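Nothing fancy with the numbering, it's 1 onward along the sequence. Since the structure is predicted, the reported quantities are computational estimates derived from the model, not experimental observations.
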Amino acid sequence: EVLVVNELKRQWAGREDLAVDGAAVDSEVAEVRARFVDETAYHAALNEHGITEAKLRRAIMRDRLASDVDERILSEVPDPELGDVKRFFESNRGDYVTPEARHVFHVLIHVPPSADTAVWERAGRTAEDVAENVRQGRTDLAAEAERRRIDVPPRYRDQTGDLGMIHRGALQANVDEVVFTAQVGEIVGPVRTIFGYSVLEVTSVEPPRQMEFDQVREAIDSRLKRERREAALADFEKNLRSTASIEWGQSSAAP
């Protein structure tokens with residue numbers, strides 16, 4: 001299907017007197033040549049595939065011609081006007097809402113993946129003690145996170161302490177669930193994960209918020225532009241096929 005459409009585009013280009021930029025073809029041939037250590041290796045590769053540099057050049061020209069046709073069609077698609085962008089926003093306001101975010105502090109009691117049951121049990125008791133001490137006001141989660149960072153492997157230390165504003169789906173599923181059902185100030189956990197045990201606190205909640213038009217104007221403009229270009233190219237290809245005489249047959253080459 002792709003070969004057929006590309007051939008139809010090349011035929012259309014011929015009728016429109018659309019020519020390929022020879023300098024661009026030269027540049028692409030040079031890029032292919034530059035992938036090899038020297039000219040000998042380059043020509044050896046061509047010979048291995050049964051082609052000459054002239055054939056390579058013709059193949060590149062054919063591909064670029066079909067690509068240039070696409071660029072011609074796309075260049076004729078008008079950009080969305082401001083009114084189009086505003087109407088799209090008003091009709092799709094629900095798509096432009098910032099999700100709920102929660103400010104989370106986290107203490108990780110790390111357990112190595114290869115740890116046995118006894119290690120997991122000790123870590124679980126430690127996590128229970130951390131949670132209880134924070135609940136009783138004997139310490140706070142931020143201080144516990146800082147104190148215990150040294151026990152966490154370096155690659156996980158950025159997951160211990162202040163995680164900042166978290167959106168749903170950013171954490172492991174079981175941690176995500178307890179965080180997004182917790183009350184502000186509630187100490188949740190320990191929650192067991194593949195990394196060990198987590199004790200967490202939600203310190204604030206930022207509810208979903210409708211975004212303003214100016215915040216999303218550029219994104220909508222880009223979306224409409226992309227959708228219009230895709231539709232124009234699809235319509236052009238459909239028209240090429242509908243007006244062409246295409247015959248399908250089997251190759252005469254031996255299987």
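- A heavy-atom distance below 4.5 Å is found between the side chains of W12 and I73.
- Applying the ring-ring contact (aromatic ring centres under 6.0 Å, His included) test to F88 and every residue at least two apart in sequence or in another chain returns nothing.
- For the 3.5 Å distance criterion, the side chains of D162 and H103 qualify, holding a donor opposite an acceptor.
- In this structure, M61 is a member of the same hydrophobic cluster as L65, with clusters built from ILVMFWY side-chain heavy atoms closer than 4.5 Å.
- In terms of the ring-ring contact (aromatic ring centres under 6.0 Å, His included) criterion, residue partners of F213 (sequence neighbours excluded) are, by chain and number, F89.
- The pair R57-E53 does not meet the salt-bridge criterion, since no charged nitrogen lies less than 4.0 angstrom from a carboxylate oxygen.
- When the ring-ring contact (aromatic ring centres under 6.0 Å, His included) test is applied to H43, no partner is found at least two apart in sequence or on another chain.
- Applying the side-chain hydrogen bond (donor to acceptor under 3.5 Å, both in side chains) rule to pairs touching residues 59-69 yields E7-R62, E28-R64, sequence neighbours excluded.
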Donor-acceptor pairs under 3.5 Å, side chain of residues 109-127 to any protein atom, not counting sequence neighbours: which ones?
from: D116; atom 1: OD1; to: A118; atom 2: N; distance (Å): 3.2
from: D116; atom 1: OD1; to: V119; atom 2: N; distance (Å): 3.0
from: T126; atom 1: OG1; to: R122; atom 2: O; distance (Å): 3.1

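- S198 and H106 form a side-chain donor-acceptor contact under 3.5 Å, judged by distance and modelled atom types alone.
- The side-chain hydrogen bond (donor to acceptor under 3.5 Å, both in side chains) contacts involving residues 206-225 comprise R223-E227, where partners must be two or more places apart or lie in separate chains.
- Here E230 does not pair with R228 in a salt bridge; the nearest charged N to carboxylate O distance is not below 4.0 Å.
- Between R229 and E76, none of the side-chain N atoms (NZ, or NE/NH1/NH2) sits under 4.0 Å from a carboxylate O, so this pair counts as no salt bridge.
- When all heavy atoms are compared, the tightest approach of D84 to L224 is O-CD1, 4.0 Å.
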Audit row: V104, T203, side-chain contact (heavy atoms from CB on, under 4.5 Å) steps and yes/no: CA-CA 6 Å; V104 177; T203 60; over 6 Å; no

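- Using a 4.5 Å heavy-atom threshold, the side chains of E132 and E128 count as separate.
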